[in-house]
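The model shown is predicted, which means the values in this text are computed figures rather than measured ones.
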Amino acid sequence: MRPARSLPELTDLVDGTTCRRHQRVPVQVANVRHLDRELGSLHDFEECVGHHVWFFLEGWVDLHVAVDNLWRLAERWQLLDDLGPDRVQEAIARPFAVARGGK
């Protein structure tokens, strides 16, 4: 059985140009920043909120982690600029309130 890799070794694999074990082998990392892809819409974001609600209800993530992840996604997709922070907060808060038994 192979021993688990340490975090620094994994970081080197992702951020570096070569693997520690095989110094001559370049590590290929996809650069997703250059892709010509449309950012997510409000509908896509609400779908992601639903997934995070499920993760929260299953106990996989804590409420604050789920909300922080969704807020970062909204920032990345520029929804805060397009819709405003109040609309984004409502899109996040309402499903979690319903899932927790509120209205």
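- C48 and W77 get closest at one heavy-atom pair: SG-CH2, 4.0 Å.
- Contact check for V98 versus P95: no side-chain heavy atoms found under the 4.5 Å cut-off.
- The two atoms that bring R87 and L83 nearest to each other are CB-O, 3.6 Å, heavy atoms only.
- Closest heavy-atom contact between L79 and G40: CD2-O, 4.0 Å.
- Between R100 and F56, the shortest heavy-atom distance links the atoms CG-CE2, 3.8 Å.
- Taking the side chain as every heavy atom from C-beta outward, V88 and F45 approach each other to under 4.5 Å.
- For the pair N69 and H52, the tightest heavy-atom approach, listed with the atom from each and the gap, is CB-NE2, 3.7 Å.
- Smallest separation of non-hydrogen atoms from P85 and L80: CA-CD2, 3.8 Å.
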